[in-house]
Chemist: 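Below is a structure I'd like to ask you about.
Source: prediction; values computed, not measured.
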Amino acid sequence: MNNAAVILKKGEGRTIKAGGMWVFDNEIDRISGSFENGDIVEVHDFDGYFMGYGFMNTKSKITVRMMSRRKENPVTEDLIERRVRAAWNYRKQTVDTACCRVVFGEADFLPGIVIDKFSDILVVESLALGIDRWKPVILDQLKKVLAEDGIEIRGIYERSDAKVRENEGMERWKGFIGEPFDTKVKITENGVKYIVDVEDGQKTGFFLDQKNNRAAVGRLCHGKKVLDCFTHTGSFALNAGKAGASSVLGVDASMTGIRQAEENARLNHLEDRVRFLCADVFDLLPELEEKGERFDVVILDPPAFTKSRGSVKNAVKGYREINMRGLRLVEEGGFLATCSCSHFMEPELFAKTIREAAKSAHKRLKQVEFRTQAPDHPILWAANESYYLKFYIFQVCSEL
(Lines give C-alpha, C1' and ligand atoms only; values in the text may rest on other atoms or scores of the structure.)
Protein backbone atom coordinates (compact mmCIF):
# COMPACT_ATOMS: atom_id res chain seq x y z
CA MET A 1 0.00 0.00 0.00
CA ASN A 2 1.19 3.53 -0.72
CA ASN A 3 -0.24 7.01 -0.29
CA ALA A 4 -1.42 7.51 -3.86
CA ALA A 5 -5.05 8.45 -4.47
CA VAL A 6 -7.19 8.63 -7.59
CA ILE A 7 -9.62 11.56 -7.58
CA LEU A 8 -12.64 11.30 -9.84
CA LYS A 9 -14.11 14.08 -11.92
CA LYS A 10 -17.26 15.73 -10.63
CA GLY A 11 -20.26 13.76 -11.86
CA GLU A 12 -18.22 10.65 -12.65
CA GLY A 13 -17.94 7.35 -10.76
CA ARG A 14 -21.62 6.51 -11.21
CA THR A 15 -20.76 2.90 -12.02
CA ILE A 16 -18.78 2.18 -8.88
CA LYS A 17 -21.25 4.14 -6.75
CA ALA A 18 -23.87 1.69 -8.01
CA GLY A 19 -21.69 -1.30 -7.08
CA GLY A 20 -19.53 -1.69 -10.19
CA MET A 21 -15.88 -2.69 -10.06
CA TRP A 22 -14.13 -0.57 -12.70
CA VAL A 23 -12.92 3.03 -12.94
CA PHE A 24 -12.16 4.09 -16.52
CA ASP A 25 -9.45 6.51 -17.56
CA ASN A 26 -11.92 9.19 -18.68
CA GLU A 27 -13.53 9.30 -15.22
CA ILE A 28 -10.33 10.40 -13.47
CA ASP A 29 -9.56 14.03 -12.72
CA ARG A 30 -6.09 13.55 -11.23
CA ILE A 31 -3.83 11.17 -9.32
CA SER A 32 -2.08 12.42 -6.19
CA GLY A 33 1.00 10.84 -4.62
CA SER A 34 3.54 8.47 -6.11
CA PHE A 35 2.76 4.99 -7.42
CA GLU A 36 3.80 2.25 -9.78
CA ASN A 37 1.35 0.55 -12.10
CA GLY A 38 -0.13 -2.42 -10.27
CA ASP A 39 -0.09 -0.67 -6.88
CA ILE A 40 -3.10 -0.49 -4.58
CA VAL A 41 -4.43 3.08 -4.38
CA GLU A 42 -7.29 4.88 -2.70
CA VAL A 43 -10.19 6.12 -4.80
CA HIS A 44 -11.87 9.38 -3.82
CA ASP A 45 -14.81 11.27 -5.24
CA PHE A 46 -14.22 14.83 -6.50
CA ASP A 47 -15.03 16.21 -3.03
CA GLY A 48 -12.59 13.92 -1.19
CA TYR A 49 -15.16 11.29 -0.15
CA PHE A 50 -13.46 7.90 0.26
CA MET A 51 -14.84 5.34 -2.21
CA GLY A 52 -12.53 2.40 -1.73
CA TYR A 53 -9.24 0.71 -2.58
CA GLY A 54 -8.26 -0.68 -5.95
CA PHE A 55 -5.22 -1.53 -8.00
CA MET A 56 -4.37 0.78 -10.83
CA ASN A 57 -2.72 0.65 -14.22
CA THR A 58 -2.45 3.78 -16.34
CA LYS A 59 -1.71 1.66 -19.41
CA SER A 60 -5.25 0.27 -19.34
CA LYS A 61 -8.53 2.01 -20.13
CA ILE A 62 -9.78 0.25 -16.98
CA THR A 63 -7.41 2.31 -14.87
CA VAL A 64 -8.62 1.11 -11.45
CA ARG A 65 -10.17 -2.23 -10.51
CA MET A 66 -11.84 -2.02 -7.13
CA MET A 67 -10.83 -4.41 -4.36
CA SER A 68 -12.47 -3.01 -1.23
CA ARG A 69 -15.09 -0.35 -0.39
CA ARG A 70 -14.36 0.20 3.29
CA LYS A 71 -11.65 2.38 4.76
CA GLU A 72 -11.07 -0.17 7.53
CA ASN A 73 -10.74 -3.00 4.99
CA PRO A 74 -7.38 -2.45 3.21
CA VAL A 75 -6.02 -5.00 0.76
CA THR A 76 -3.99 -7.49 2.81
CA GLU A 77 -3.36 -11.24 2.84
CA ASP A 78 -6.16 -11.51 5.39
CA LEU A 79 -8.60 -9.87 2.96
CA ILE A 80 -7.46 -12.21 0.16
CA GLU A 81 -8.03 -15.24 2.40
CA ARG A 82 -11.55 -14.07 3.24
CA ARG A 83 -12.35 -13.52 -0.44
CA VAL A 84 -11.02 -16.95 -1.45
CA ARG A 85 -12.83 -18.68 1.41
CA ALA A 86 -16.11 -16.94 0.52
CA ALA A 87 -15.71 -17.97 -3.14
CA TRP A 88 -15.19 -21.63 -2.21
CA ASN A 89 -18.03 -21.68 0.33
CA TYR A 90 -20.35 -20.28 -2.35
CA ARG A 91 -19.40 -23.09 -4.77
CA LYS A 92 -19.92 -25.76 -2.13
CA GLN A 93 -23.49 -24.55 -1.68
CA THR A 94 -24.40 -24.11 -5.34
CA VAL A 95 -22.53 -26.53 -7.65
CA ASP A 96 -20.82 -29.88 -8.00
CA THR A 97 -17.28 -28.93 -7.01
CA ALA A 98 -15.53 -31.88 -8.67
CA CYS A 99 -14.99 -29.56 -11.64
CA CYS A 100 -15.95 -25.91 -11.39
CA ARG A 101 -14.76 -22.33 -11.62
CA VAL A 102 -13.62 -21.55 -8.08
CA VAL A 103 -12.74 -17.88 -8.66
CA PHE A 104 -14.58 -15.71 -11.18
CA GLY A 105 -12.83 -12.35 -11.12
CA GLU A 106 -15.00 -9.36 -10.31
CA ALA A 107 -17.97 -11.52 -9.27
CA ASP A 108 -15.84 -12.91 -6.42
CA PHE A 109 -14.34 -9.48 -5.64
CA LEU A 110 -10.96 -10.59 -7.01
CA PRO A 111 -10.95 -8.62 -10.26
CA GLY A 112 -8.94 -9.78 -13.24
CA ILE A 113 -8.33 -13.41 -12.28
CA VAL A 114 -10.17 -16.67 -12.91
CA ILE A 115 -9.30 -20.10 -11.52
CA ASP A 116 -10.85 -23.35 -12.72
CA LYS A 117 -10.67 -26.64 -10.85
CA PHE A 118 -10.52 -29.80 -12.95
CA SER A 119 -10.53 -32.63 -10.43
CA ASP A 120 -7.24 -32.12 -8.54
CA ILE A 121 -5.74 -29.62 -11.02
CA LEU A 122 -6.09 -25.84 -10.94
CA VAL A 123 -5.86 -23.67 -14.06
CA VAL A 124 -5.37 -19.94 -13.49
CA GLU A 125 -5.81 -17.07 -15.92
CA SER A 126 -4.53 -13.68 -14.75
CA LEU A 127 -5.55 -10.73 -16.91
CA ALA A 128 -4.68 -7.62 -14.89
CA LEU A 129 -1.37 -6.29 -13.62
CA GLY A 130 -2.49 -5.56 -10.06
CA ILE A 131 -4.06 -8.96 -9.41
CA ASP A 132 -1.04 -10.64 -11.00
CA ARG A 133 1.04 -9.43 -8.06
CA TRP A 134 -1.41 -11.11 -5.66
CA LYS A 135 -1.66 -14.32 -7.71
CA PRO A 136 0.78 -16.34 -5.50
CA VAL A 137 -1.14 -15.34 -2.37
CA ILE A 138 -4.51 -16.19 -3.95
CA LEU A 139 -3.28 -19.62 -5.04
CA ASP A 140 -1.68 -20.38 -1.68
CA GLN A 141 -4.84 -19.41 0.17
CA LEU A 142 -7.00 -21.43 -2.21
CA LYS A 143 -4.89 -24.56 -1.75
CA LYS A 144 -5.11 -24.09 2.02
CA VAL A 145 -8.90 -23.66 1.97
CA LEU A 146 -9.36 -26.70 -0.29
CA ALA A 147 -7.07 -28.80 1.90
CA GLU A 148 -9.36 -28.08 4.86
CA ASP A 149 -12.04 -30.02 2.94
CA GLY A 150 -9.65 -32.86 2.18
CA ILE A 151 -8.89 -31.73 -1.39
CA GLU A 152 -5.20 -31.92 -2.25
CA ILE A 153 -4.25 -30.06 -5.41
CA ARG A 154 -1.87 -32.10 -7.56
CA GLY A 155 -0.74 -29.29 -9.83
CA ILE A 156 -1.36 -25.78 -11.15
CA TYR A 157 -1.13 -24.61 -14.75
CA GLU A 158 -1.28 -20.97 -15.84
CA ARG A 159 -3.11 -19.97 -19.03
CA SER A 160 -2.44 -16.25 -19.03
CA ASP A 161 -1.99 -16.24 -22.80
CA ALA A 162 -5.03 -14.16 -23.80
CA LYS A 163 -4.43 -11.15 -26.04
CA VAL A 164 -6.23 -8.88 -23.56
CA ARG A 165 -3.13 -8.99 -21.32
CA GLU A 166 -1.42 -6.75 -23.85
CA ASN A 167 -3.96 -4.02 -22.99
CA GLU A 168 -2.45 -4.06 -19.50
CA GLY A 169 1.11 -3.82 -20.81
CA MET A 170 1.69 -7.46 -19.86
CA GLU A 171 3.21 -10.30 -21.85
CA ARG A 172 1.13 -13.36 -22.73
CA TRP A 173 2.35 -16.42 -20.87
CA LYS A 174 1.46 -20.01 -20.07
CA GLY A 175 3.23 -22.73 -18.14
CA PHE A 176 3.42 -24.71 -14.93
CA ILE A 177 3.30 -23.09 -11.53
CA GLY A 178 5.27 -25.57 -9.47
CA GLU A 179 5.95 -29.16 -10.47
CA PRO A 180 5.02 -30.35 -14.00
CA PHE A 181 2.24 -32.91 -14.52
CA ASP A 182 0.33 -34.58 -17.36
CA THR A 183 -1.71 -31.73 -18.85
CA LYS A 184 -4.36 -34.08 -20.28
CA VAL A 185 -6.72 -34.22 -17.30
CA LYS A 186 -9.68 -36.63 -17.04
CA ILE A 187 -12.91 -35.17 -15.67
CA THR A 188 -16.57 -36.18 -15.41
CA GLU A 189 -19.43 -33.69 -15.84
CA ASN A 190 -23.14 -34.59 -16.01
CA GLY A 191 -22.02 -38.22 -16.12
CA VAL A 192 -20.00 -37.59 -19.29
CA LYS A 193 -16.25 -38.22 -19.28
CA TYR A 194 -13.80 -35.86 -20.97
CA ILE A 195 -10.10 -35.42 -21.43
CA VAL A 196 -9.33 -31.73 -20.83
CA ASP A 197 -6.18 -30.32 -22.40
CA VAL A 198 -5.27 -27.57 -19.94
CA GLU A 199 -2.11 -26.69 -21.87
CA ASP A 200 -3.40 -26.28 -25.42
CA GLY A 201 -7.19 -26.28 -25.16
CA GLN A 202 -9.19 -23.08 -25.60
CA LYS A 203 -9.16 -20.69 -22.62
CA THR A 204 -8.50 -22.83 -19.54
CA GLY A 205 -9.16 -26.05 -21.46
CA PHE A 206 -12.92 -26.60 -21.06
CA PHE A 207 -16.04 -24.42 -20.99
CA LEU A 208 -17.51 -25.06 -17.55
CA ASP A 209 -20.08 -22.27 -17.90
CA GLN A 210 -22.39 -24.40 -20.11
CA LYS A 211 -22.63 -27.33 -17.68
CA ASN A 212 -26.30 -26.92 -16.73
CA ASN A 213 -27.27 -25.86 -20.25
CA ARG A 214 -25.78 -29.07 -21.65
CA ALA A 215 -27.90 -31.06 -19.21
CA ALA A 216 -31.03 -29.07 -20.13
CA VAL A 217 -30.57 -29.78 -23.84
CA GLY A 218 -29.76 -33.42 -23.14
CA ARG A 219 -33.21 -33.90 -21.62
CA LEU A 220 -34.75 -33.16 -25.04
CA CYS A 221 -32.54 -35.53 -27.04
CA HIS A 222 -33.70 -39.06 -26.22
CA GLY A 223 -34.39 -40.90 -29.48
CA LYS A 224 -33.69 -37.73 -31.50
CA LYS A 225 -31.48 -36.82 -34.44
CA VAL A 226 -29.20 -34.02 -33.22
CA LEU A 227 -26.91 -31.45 -34.87
CA ASP A 228 -24.34 -29.75 -32.62
CA CYS A 229 -22.69 -26.75 -34.29
CA PHE A 230 -19.38 -25.32 -33.03
CA THR A 231 -18.98 -28.48 -30.98
CA HIS A 232 -15.41 -27.67 -29.79
CA THR A 233 -14.44 -30.89 -27.97
CA GLY A 234 -17.93 -32.39 -28.25
CA SER A 235 -19.58 -31.46 -24.96
CA PHE A 236 -23.16 -30.76 -26.16
CA ALA A 237 -22.96 -33.65 -28.64
CA LEU A 238 -21.83 -36.08 -25.95
CA ASN A 239 -24.54 -34.96 -23.54
CA ALA A 240 -27.07 -35.63 -26.30
CA GLY A 241 -25.55 -39.05 -26.95
CA LYS A 242 -25.48 -39.89 -23.24
CA ALA A 243 -29.17 -38.93 -23.03
CA GLY A 244 -30.04 -41.50 -25.69
CA ALA A 245 -30.08 -39.56 -28.97
CA SER A 246 -30.47 -41.85 -31.97
CA SER A 247 -27.72 -40.02 -33.86
CA VAL A 248 -25.57 -36.93 -33.28
CA LEU A 249 -23.43 -34.93 -35.67
CA GLY A 250 -20.96 -32.49 -34.09
CA VAL A 251 -19.34 -29.88 -36.33
CA ASP A 252 -16.35 -27.62 -35.73
CA ALA A 253 -13.77 -25.83 -37.90
CA SER A 254 -10.89 -26.94 -35.67
CA MET A 255 -9.41 -30.33 -36.50
CA THR A 256 -7.69 -30.30 -33.11
CA GLY A 257 -11.07 -29.91 -31.43
CA ILE A 258 -12.62 -32.62 -33.61
CA ARG A 259 -9.87 -35.11 -32.75
CA GLN A 260 -10.39 -34.39 -29.06
CA ALA A 261 -14.16 -34.77 -29.46
CA GLU A 262 -13.71 -38.15 -31.15
CA GLU A 263 -11.45 -39.26 -28.31
CA ASN A 264 -14.08 -38.14 -25.80
CA ALA A 265 -16.75 -40.10 -27.71
CA ARG A 266 -14.65 -43.26 -27.47
CA LEU A 267 -14.05 -42.59 -23.78
CA ASN A 268 -17.84 -42.68 -23.27
CA HIS A 269 -18.44 -45.60 -25.70
CA LEU A 270 -20.63 -43.33 -27.84
CA GLU A 271 -18.70 -43.50 -31.12
CA ASP A 272 -21.46 -45.61 -32.70
CA ARG A 273 -24.05 -42.82 -32.31
CA VAL A 274 -21.99 -39.62 -32.05
CA ARG A 275 -19.80 -38.65 -34.98
CA PHE A 276 -17.89 -35.47 -35.76
CA LEU A 277 -17.09 -33.47 -38.87
CA CYS A 278 -14.43 -30.79 -39.38
CA ALA A 279 -16.15 -28.06 -41.41
CA ASP A 280 -17.03 -24.36 -41.39
CA VAL A 281 -20.54 -24.20 -39.92
CA PHE A 282 -21.51 -21.17 -42.02
CA ASP A 283 -20.68 -23.15 -45.17
CA LEU A 284 -22.11 -26.47 -44.01
CA LEU A 285 -25.60 -25.40 -42.92
CA PRO A 286 -26.71 -24.23 -46.39
CA GLU A 287 -25.31 -27.46 -47.85
CA LEU A 288 -27.32 -29.56 -45.38
CA GLU A 289 -30.45 -27.56 -46.16
CA GLU A 290 -29.96 -28.04 -49.90
CA LYS A 291 -29.60 -31.79 -49.37
CA GLY A 292 -32.88 -31.86 -47.49
CA GLU A 293 -31.32 -32.81 -44.13
CA ARG A 294 -33.46 -32.16 -41.07
CA PHE A 295 -32.79 -32.60 -37.35
CA ASP A 296 -34.98 -32.93 -34.27
CA VAL A 297 -32.59 -30.80 -32.21
CA VAL A 298 -30.14 -28.16 -33.49
CA ILE A 299 -27.59 -26.66 -31.09
CA LEU A 300 -25.75 -23.41 -31.85
CA ASP A 301 -22.90 -22.64 -29.45
CA PRO A 302 -20.66 -20.27 -31.45
CA PRO A 303 -17.59 -18.47 -30.16
CA ALA A 304 -18.04 -14.80 -29.29
CA PHE A 305 -18.62 -12.98 -32.58
CA THR A 306 -17.73 -9.69 -30.89
CA LYS A 307 -15.27 -8.75 -28.15
CA SER A 308 -15.82 -5.00 -28.36
CA ARG A 309 -18.71 -2.58 -28.76
CA GLY A 310 -17.27 -1.42 -32.07
CA SER A 311 -17.86 -4.77 -33.78
CA VAL A 312 -21.38 -5.47 -32.48
CA LYS A 313 -23.04 -4.59 -35.79
CA ASN A 314 -21.07 -7.25 -37.67
CA ALA A 315 -21.70 -9.73 -34.85
CA VAL A 316 -25.45 -9.22 -35.20
CA LYS A 317 -25.19 -10.24 -38.86
CA GLY A 318 -23.34 -13.41 -37.87
CA TYR A 319 -25.82 -14.38 -35.16
CA ARG A 320 -28.78 -13.63 -37.44
CA GLU A 321 -27.32 -15.73 -40.27
CA ILE A 322 -26.41 -18.71 -38.12
CA ASN A 323 -29.81 -18.78 -36.38
CA MET A 324 -31.74 -18.43 -39.63
CA ARG A 325 -29.77 -21.31 -41.17
CA GLY A 326 -30.12 -23.41 -38.03
CA LEU A 327 -33.88 -22.85 -37.83
CA ARG A 328 -34.36 -24.06 -41.40
CA LEU A 329 -32.84 -27.41 -40.44
CA VAL A 330 -35.17 -28.07 -37.49
CA GLU A 331 -38.00 -30.58 -38.02
CA GLU A 332 -41.50 -29.34 -37.35
CA GLY A 333 -41.97 -29.34 -33.57
CA GLY A 334 -38.27 -29.88 -32.99
CA PHE A 335 -35.97 -27.76 -30.86
CA LEU A 336 -33.33 -25.07 -31.30
CA ALA A 337 -30.80 -24.32 -28.55
CA THR A 338 -28.92 -21.11 -29.28
CA CYS A 339 -26.61 -18.86 -27.32
CA SER A 340 -24.20 -15.94 -27.29
CA CYS A 341 -21.19 -15.83 -24.99
CA SER A 342 -20.30 -12.22 -25.83
CA HIS A 343 -20.73 -9.68 -23.03
CA PHE A 344 -21.25 -6.97 -25.66
CA MET A 345 -24.17 -8.81 -27.28
CA GLU A 346 -26.69 -7.53 -24.77
CA PRO A 347 -29.72 -9.72 -23.91
CA GLU A 348 -32.27 -7.47 -25.62
CA LEU A 349 -30.19 -7.27 -28.79
CA PHE A 350 -29.64 -11.02 -28.87
CA ALA A 351 -33.38 -11.66 -28.47
CA LYS A 352 -34.14 -9.16 -31.25
CA THR A 353 -31.60 -10.86 -33.53
CA ILE A 354 -33.16 -14.30 -32.97
CA ARG A 355 -36.61 -12.85 -33.63
CA GLU A 356 -35.39 -11.44 -36.95
CA ALA A 357 -33.78 -14.78 -37.86
CA ALA A 358 -37.05 -16.61 -37.16
CA LYS A 359 -38.96 -14.18 -39.35
CA SER A 360 -36.47 -14.68 -42.21
CA ALA A 361 -36.74 -18.47 -41.84
CA HIS A 362 -40.58 -18.29 -41.69
CA LYS A 363 -40.59 -20.04 -38.32
CA ARG A 364 -42.49 -19.46 -35.09
CA LEU A 365 -40.69 -19.94 -31.78
CA LYS A 366 -42.06 -21.20 -28.47
CA GLN A 367 -39.62 -20.37 -25.69
CA VAL A 368 -38.92 -23.41 -23.55
CA GLU A 369 -36.23 -21.88 -21.37
CA PHE A 370 -33.96 -18.89 -21.03
CA ARG A 371 -30.76 -19.65 -19.17
CA THR A 372 -27.43 -18.01 -18.39
CA GLN A 373 -24.04 -19.25 -17.23
CA ALA A 374 -23.67 -21.93 -14.55
CA PRO A 375 -23.75 -20.75 -10.90
CA ASP A 376 -19.98 -21.15 -10.52
CA HIS A 377 -19.78 -18.17 -12.91
CA PRO A 378 -21.96 -15.92 -10.72
CA ILE A 379 -23.50 -12.74 -12.08
CA LEU A 380 -22.70 -9.85 -9.75
CA TRP A 381 -25.47 -7.30 -10.16
CA ALA A 382 -24.17 -3.80 -10.95
CA ALA A 383 -20.96 -5.38 -12.28
CA ASN A 384 -22.28 -6.00 -15.78
CA GLU A 385 -18.99 -7.45 -16.98
CA SER A 386 -19.79 -10.67 -15.07
CA TYR A 387 -22.96 -11.33 -17.14
CA TYR A 388 -22.15 -12.60 -20.59
CA LEU A 389 -23.87 -15.90 -21.51
CA LYS A 390 -27.39 -15.85 -22.94
CA PHE A 391 -28.91 -19.26 -23.72
CA TYR A 392 -32.33 -20.00 -25.22
CA ILE A 393 -34.15 -23.25 -25.94
CA PHE A 394 -37.07 -22.95 -28.36
CA GLN A 395 -39.57 -25.31 -29.90
CA VAL A 396 -39.71 -24.52 -33.62
CA CYS A 397 -42.97 -24.45 -35.59
CA SER A 398 -43.79 -23.43 -39.15
CA GLU A 399 -45.79 -20.30 -39.76
CA LEU A 400 -49.49 -21.13 -40.16
Side-chain angles (χ1 to χ4, degrees), residues 95-101 116-123 154-155 157 159 174 181-281 284 295-303 337 339 341 373-374 376-377 389 391:
V95 297
D96 173 9
T97 58
C99 297
C100 67
R101 177 154 292 182
D116 287 344
K117 175 182 175 291
F118 299 113
S119 187
D120 57 356
I121 296 297
L122 297 179
V123 182
R154 178 166 57 92
Y157 197 84
R159 284 298 304 272
K174 69 176 184 178
F181 54 88
D182 184 355
T183 54
K184 301 289 181 68
V185 182
K186 289 185 179 181
I187 69 167
T188 301
E189 180 200 81
N190 298 338
V192 180
K193 299 173 184 176
Y194 303 91
I195 295 174
V196 176
D197 185 349
V198 302
E199 181 178 12
D200 293 320
Q202 291 186 30
K203 300 283 182 136
T204 61
F206 189 75
F207 296 114
L208 293 163
D209 52 2
Q210 294 275 30
K211 176 181 181 177
N212 294 353
N213 300 337
R214 289 189 273 264
V217 173
R219 289 192 287 270
L220 300 172
C221 292
H222 183 76
K224 304 293 178 59
K225 181 182 178 183
V226 178
L227 174 65
D228 176 22
C229 300
F230 310 98
T231 193
H232 187 221
T233 57
S235 55
F236 273 103
L238 294 169
N239 273 260
K242 190 78 171 179
S246 60
S247 69
V248 184
L249 174 62
V251 182
D252 200 276
S254 166
M255 181 54 75
T256 301
I258 290 296
R259 289 195 183 105
Q260 187 66 68
E262 289 172 340
E263 186 176 1
N264 288 333
R266 289 190 293 271
L267 190 65
N268 290 276
H269 308 293
L270 291 171
E271 62 270 31
D272 59 329
R273 285 181 287 129
V274 182
R275 65 184 182 91
F276 296 95
L277 174 66
C278 184
D280 185 305
V281 171
L284 180 67
F295 298 86
D296 301 303
V297 180
V298 172
I299 304 159
L300 303 175
D301 181 22
C339 68
C341 62
Q373 59 242 40
D376 55 343
H377 296 61
L389 182 60
F391 189 95

Chemist: Enter the distance from F391:CZ to Q210:CD here, rounded to the nearest 0.5 Å.
Modeler: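 Here the rounded value is 5.5 Å.
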Chemist: For side chain to side chain contact (heavy atoms under 4.5 Å, CB included), just list the numbers for V217 and N239, CA-CA rounded to whole Å, side-chain angles, deciding distance to a tenth of an Å, and then say yes or no.
Modeler: CA-CA 8 Å; V217 173; N239 273 260; over 6 Å; no
Chemist: Just checking, is any N or O donor in the side chain of D197 or Q260 under 3.5 Å from an acceptor N or O on the other one?
Modeler: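 The answer is no; no qualifying pair exists.
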Chemist: Taking all heavy atoms of C221 and all of V226, pick out the closest pair and write down the distance.
Modeler: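 Heavy-atom minimum between the residues: SG-CG2, 3.9 Å.
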Chemist: Mind running side chain to side chain contact (heavy atoms under 4.5 Å, CB included) on V192 and S235 for me, showing each step along the way?
Modeler: CA-CA 8 Å; V192 180; S235 55; over 6 Å; no
Chemist: What closest approach, in Å, do G250 and I258 show between heavy atoms, and which atom pair accounts for it?
Modeler: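 The pair with the smallest heavy-atom distance is O-CD1, 4.3 Å.
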Chemist: Between D209 and R101, is there a side-chain heavy-atom distance shorter than 4.5 Å?
Modeler: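 A side-chain contact under 4.5 Å is absent here.
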Chemist: Return the CG to CG distance between D296 and L227, rounded to the nearest 0.5 Å.
Modeler: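 Answer for the CG-CG pair, D296 versus L227, is 11.0 Å.
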Chemist: According to the interplanar angle, ranging from 0 to 90°, do the rings of F207 and H232 count as parallel (below 30°), tilted (30 to 60°) or perpendicular (above 60°)?
Modeler: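 Plane angle between 30° and 60°, so tilted.
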Chemist: With no hydrogens and no angle check, is any side-chain donor or acceptor of K193 less than 3.5 Å from a backbone partner on I187?
Modeler: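 No, K193 side chain to I187 backbone: no donor-acceptor pair under 3.5 Å.
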Chemist: To the closest 0.5 Å, what do you measure between CD (E189) and OH (Y194)?
Modeler: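 OH of Y194 is found 5.5 Å from CD of E189.
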Chemist: Between R159 and D116, does any side-chain N to carboxylate O distance fall below 4.0 Å?
Modeler: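 D116 and R159: not salt-bridged.
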Chemist: Is the closest side-chain heavy-atom distance between K242 and N190 below 4.5 Å?
Modeler: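 In short, these two side chains do not touch, never coming nearer than 4.5 Å.
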Chemist: So which heavy atom on A253 is nearest to which on C278, and how close?
Modeler: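 Residues A253 and C278, closest heavy atoms: O-SG, 3.5 Å.
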Chemist: Quick one: CZ on F181 to CD on E199, what's the gap to the nearest 0.5 Å?
Modeler: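 With rounding to 0.5 Å, CZ (F181) is 9.0 Å from CD (E199).
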Chemist: Give the minimum heavy-atom separation between L389 and Q373, together with the two atoms involved.
Modeler: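 That would be N-OE1, 3.2 Å.
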Chemist: Apply side chain to side chain contact (heavy atoms under 4.5 Å, CB included) to T231 and V251, showing your working.
Modeler: CA-CA 6 Å; T231 193; V251 182; 5.7 Å; no
Chemist: Checking K117 side chain against S119 main chain: does a donor-acceptor pair fall under 3.5 Å?
Modeler: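 Looks like yes, one N/O pair under 3.5 Å.
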Chemist: Verify, without hydrogens or angle tests, whether D96 (side chain) and A98 (backbone) share a donor-acceptor contact under 3.5 angstrom.
Modeler: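 A pair under 3.5 Å: yes.
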Chemist: Find the distance between CD (E262) and CG (L267) and round it off to the nearest 0.5 Å.
Modeler: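 Interatomic distance, E262 CD to L267 CG, rounded to 0.5 Å: 13.5 Å.
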Chemist: What are the two closest non-hydrogen atoms of D301 and F230, and how far apart are they?
Modeler: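 Reported closest heavy-atom pair: O-CB, 3.2 Å.
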Chemist: Quick check: closest heavy atoms across A237 and F276, and the distance to 0.1 Å?
Modeler: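 So the two residues come closest at CB-CE2, 3.8 Å.
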Chemist: Is it true that K174 and D200 make a salt bridge, defined as a side-chain N closer than 4.0 Å to a carboxylate O?
Modeler: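 Salt bridge: yes.
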Chemist: Enter the distance from S246:OG to K225:NZ here, rounded to the nearest 0.5 Å.
Modeler: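 Answer for the OG-NZ pair, S246 versus K225, is 8.5 Å.
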Chemist: Measure from the side-chain N and O atoms of R273 to the backbone N and O of G241, and report whether any donor-acceptor pair falls under 3.5 Å.
Modeler: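 Yes, the answer is positive, given that a donor and an acceptor are paired below the 3.5 Å cut-off.
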Chemist: Step by step, work out the side chain to side chain contact (heavy atoms under 4.5 Å, CB included) result for L249 and R275.
Modeler: CA-CA 5 Å; L249 174 62; R275 65 184 182 91; 3.7 Å; yes
Chemist: Please confirm whether the backbone N or O of G257 pairs with a side-chain atom of T233, one donor and one acceptor, at under 3.5 Å?
Modeler: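 Looks like no, no N/O pair under 3.5 Å.
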